[in-house]
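Worksheet: the structure to be examined is printed underneath.
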Amino acid sequence: MLKLEMIKKAALEAGADACGVAPVSRFEGAPKEMDPRYLFPGVKSIIGFVFRIPRGVQRGIEEGTQFYQYPSMAYGGINEIFAPAVLHHVGRVIEDEGYEAFVYRNTGARGVVSDMDGSPGNSLSPEEQIEVSKNAKAKTNHHRSVQFTREVSDGKVPPDLQFQFRIAAVACGLGEIGWSKMLLTPEFGPLQRVAFIFTDAEFDEYDEMYNGEPLCRKCGACVRECPGGCIPDIKSGKTVRVNLAGKILEWGDIDMWRCYAFYTHGGRYYNPFVPKEVFDANENGSLDLLEGVTDEANEKEVMKVYTSLEKYFPSWVGYNMAKCGGCIRGCVSMLEKKGGCMEGRFETPLRKGKPWRMDR
């Protein structure tokens with residue numbers, strides 16, 4: 001058995017900004033394709049780590065002056081460099097006590113179901129897969145799932161399983177999920193990334209799930225500031241509800257494919273890297289999704305956008321370059337106002353004027 005205090009101390013000393021520990025039984029009832037208990041037979045506990053995103057990496061997007069610091073530092077820097085070092089350190093502490101540490105960094109890997117809409121991946125037989133691979137004339141589409149993965153034996157699920165990070169963070173007592181589906185923590189609002197360790201150790205005590213004042217103000221700032229209209233109105237009734245060990249989690253039923261397109265490409269009024277003429281021309285209707293010609297957001301429409309705008313698309317450290325961040329910046333701005341969990345955190349507010357919008 002491990003002591004909760006020992007692991008938290010190791011996590012904070014290694015550089016995590018917050019740490020919470022939960023019994024893995026809190027995932028009872030999860031779809032098995034996204035149930036982290038299938039990652040590690042015998043797992044008893046899950047440890048969640050929070051790594052803050054410096055508010056300053058949002059400054060360039062807020063002002064329209066610098067866009068790549070957010071994906072390179074808030075995504076790449078944390079996911080690829082900083083968090084893995086902390087996981088490695090705490091994992092060593094656990095294994096020095098005689099228990100196993102299954103470290104799980106924030107990753108882009110997907111399982112047999114799409115992380116966009118839960119739909120299954122490609123279901124071709126091995127023979128069909130070979131034929132497709134041999135005759136493929138284009139690069140793989142943006143499938144958001146591992147297309148050809150299969151279970152290796154009875155009683156298992158196809159690798160590589162991807163569980164829901166934000167729900168896992170709530171299970172570890174680190175915060176709650178806001179209307180925009182972002183994880184909110186009392187310390188940093190929406191400004192963090194998370195990573196996890198699964199272990200076969202039990203703990204002398206576990207963290208309770210967050211039950212303080214609601215962190216999401218249900219103010220609708222995320223709805224108003226999403227350039228793609230991806231987040232439903234607070235009063236729309238379009239919600240996702242999850243029962244997590246008796247705690248009801250609820251957030252807006254976001255159009256994830258639409259969000260996928262607008263997050264990286266922004267649209268006519270929020271992407272200074274694409275000439276206005278490209279949007280005006282909208283050749284072959286490839287930008288119908290961004291231009292509002294169609295309301296149908298799916299993989300096919302997203303691929304049309306990506307293919308059309310590929311040459312205007314700077315990429316840093318392998319991460320898509322954010323042109324949006326509207327929901328996050330809107331959320332931070334509201335949480336810094338009276339009564340929000342980020343009130344009084346900074347000398348000056350993130351937002352000093354009206355959000356910018358290109359005049360074209």
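When the ring pair (Phe, Tyr, Trp, His ring centres under 6.0 Å) test is applied to Phe27, no partner is found at least two apart in sequence or on another chain. Glu13 is linked by a salt bridge (charged side-chain N to carboxylate O under 4.0 Å, His left out) to Lys9, counting only residues two or more places apart in sequence or in another chain. Here Lys304 pairs with Glu301 under the salt bridge (charged side-chain N to carboxylate O under 4.0 Å, His left out) rule; sequence neighbours left out. Residues satisfying the salt bridge (charged side-chain N to carboxylate O under 4.0 Å, His left out) criterion with Asp207, sequence neighbours excluded, are Lys8. With sequence neighbours excluded, the residues that form a ring pair (Phe, Tyr, Trp, His ring centres under 6.0 Å) with Phe196 are Phe163, Phe165. Scored by the side chain to side chain contact (heavy atoms under 4.5 Å, CB included) test, Val93 finds Met6, Ile7, Ala10, His89 as partners (sequence neighbours excluded). In this structure Lys44 satisfies the side chain to side chain donor-acceptor pair (under 3.5 Å) test with no other residue, sequence neighbours excluded. Every side chain to side chain contact (heavy atoms under 4.5 Å, CB included) that Asp204 has, sequence neighbours left out, goes to Met1, Lys3, Leu4.
Checked by atom type and distance alone, the side chain of Arg150 never pairs as donor or acceptor with a backbone atom of Val157 at under 3.5 Å. Lys247 contributes a side-chain N or O that, together with a main-chain N or O of Tyr210, makes up a donor-acceptor pair within less than 3.5 Å. In this structure a side-chain-to-backbone donor-acceptor pair under 3.5 Å is missing from Ser236 to Pro232. Within the 3.5 Å criterion, the main-chain N or O of Lys181 finds a donor-acceptor partner in the side chain of Arg166. Between the side chain of Asn106 and the main chain of Ala195, no donor-acceptor pair closer than 3.5 Å is present.
Proximity of Asn271 to Val274: side-chain heavy atoms (C-beta onward) are separated by under 4.5 Å at one or more points. With a 4.5 Å cut-off on side-chain heavy atoms, Pro186 and Leu215 count as touching. In this structure, the side chains of Cys331 and Pro190 come closer than 4.5 Å at one or more pairs of heavy atoms. Side-chain contact between Leu287 and Phe279 is present, with at least one heavy-atom pair separated by less than 4.5 Å. A 4.5 Å side-chain heavy-atom check between Pro349 and Arg351 finds every atom pair outside the cut-off. Pro272 is listed as a side-chain neighbour of Met358, based on a closest heavy-atom distance under 4.5 Å. For the pair Ser286/Asn282, a side-chain contact is recorded, criterion being any heavy-atom separation below 4.5 Å from C-beta on.
Nearest heavy-atom pair, Ala261 versus Val302, reported as atom, atom and distance to 0.1 Å: CB-CG2, 4.3 Å. Closest non-hydrogen pair, Gly189 versus Leu335, comes out as CA-CD1, 3.9 Å. The two residues Ala169 and Leu183 make their nearest non-hydrogen contact at CB-CD2, 3.6 Å.
For the 3.5 Å distance criterion, the side chains of Glu296 and Asn298 qualify, holding a donor opposite an acceptor.
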- Message: Pair Glu151, Lys32 - check salt bridge (charged side-chain N to carboxylate O under 4.0 Å, His left out), show working.
- Response: CA-CA 12 Å; Glu151 63 274 12; Lys32 70 178 186 177; over 6 Å; no

- Check the pair Val170, Leu249 against side chain to side chain contact (heavy atoms under 4.5 Å, CB included), reporting the backbone distance first and the verdict last. CA-CA 9 Å; Val170 174; Leu249 316 183; 3.8 Å; yes

- Taking it one step at a time, do Tyr104 and Gln162 satisfy side chain to side chain contact (heavy atoms under 4.5 Å, CB included)? CA-CA 10 Å; Tyr104 202 112; Gln162 172 103 11; 3.9 Å; yes

- Query: How far apart are the C-alpha atoms of Phe262 and Leu290, what are their side-chain angles, what is the distance that settles it, and do they pass the side chain to side chain contact (heavy atoms under 4.5 Å, CB included) test?
  - Reply: CA-CA 7 Å; Phe262 276 89; Leu290 296 185; 3.8 Å; yes

- Kindly indicate, with the supporting measurements, whether the criterion ring-ring contact (aromatic ring centres under 6.0 Å, His included) is fulfilled by Tyr312 and His265. CA-CA 9 Å; Tyr312 305 105; His265 294 292; 9.6 Å; no

- Go through the steps for Met34 and Ile167 under the test side chain to side chain contact (heavy atoms under 4.5 Å, CB included), then give the verdict. CA-CA 11 Å; Met34 298 186 74; Ile167 292 177; over 6 Å; no

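Tracing side-chain contacts under 4.5 Å through hydrophobic residues (I, L, V, M, F, W, Y), one reaches Val194 starting from Met209; they form part of the same cluster.
Note: Arg217 CZ to Cys341 SG = 9.0 Å, rounded to the nearest 0.5 Å. One distance of note links CG of Leu244 with CD of Glu28; it measures 11.5 Å at 0.5 Å rounding. Atom CG of Asp253 and atom CH2 of Trp179 lie 8.5 Å apart (nearest 0.5 Å). Summarising the geometry, atom CG belonging to Asn243 is positioned 4.0 Å from atom CD1 belonging to Ile248; distances are rounded to the nearest 0.5 Å. Within the model, atoms CE of Met256 and SG of Cys230 stand 8.5 Å from one another, a figure rounded to the nearest 0.5 Å. Interatomic distance, Cys222 SG to Ile234 CD1, rounded to the nearest 0.5 Å: 5.5 Å.
By the neighbour-count criterion of 12 heavy atoms within 6.0 Å, atom CG of Asn284 is sparsely surrounded, having that number or fewer from other residues, nucleotides or ligands.
Annotation: ring-ring contact (aromatic ring centres under 6.0 Å, His included) contacts involving residues 330-360, sequence neighbours excluded, comprise Tyr270-Trp356. Under the salt bridge (charged side-chain N to carboxylate O under 4.0 Å, His left out) criterion, the residue pairs touching residues 226-246 are Arg241-Glu250, with sequence neighbours excluded. For residues 255-279, the set of pairs meeting the salt bridge (charged side-chain N to carboxylate O under 4.0 Å, His left out) definition, not counting sequence neighbours, comprises Asp255-Arg258, Arg268-Asp280, Arg268-Glu291, Lys276-Asp280.
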Which donor-acceptor pairs under 3.5 Å do the side chains of residues 45-61 make with protein atoms, sequence neighbours left out?
residue	atom	partner	partner atom	Å
Ser45	OG	Ala201	O	2.7
Ser45	OG	Tyr206	OH	2.7
Arg52	NE	Asp17	OD1	2.9
Arg52	NH2	Asp17	OD1	3.2
Arg55	NH1	Glu336	OE2	2.6
Arg55	NH1	Thr348	O	3.2
Arg55	NH2	Thr348	O	3.1
Arg59	NH1	Glu63	OE2	2.6
Arg59	NH1	Leu350	O	2.8
Arg59	NH2	Leu350	O	3.1

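Classified by interplanar angle (parallel below 30°, tilted 30° to 60°, perpendicular above 60°), the ring pair Tyr260/Trp257 is tilted.
The residues Glu62 and Arg329 are annotated as salt-bridged, a charged nitrogen and a carboxylate oxygen being separated by less than 4.0 angstrom. Ionic pairing of Lys337 and Glu343 is not present here: no N-O contact between side-chain nitrogen and carboxylate oxygen is shorter than 4.0 angstrom.
Judged by the 6.0 Å and 45° rule, Arg193 forms a cation-pi pair with Tyr75.
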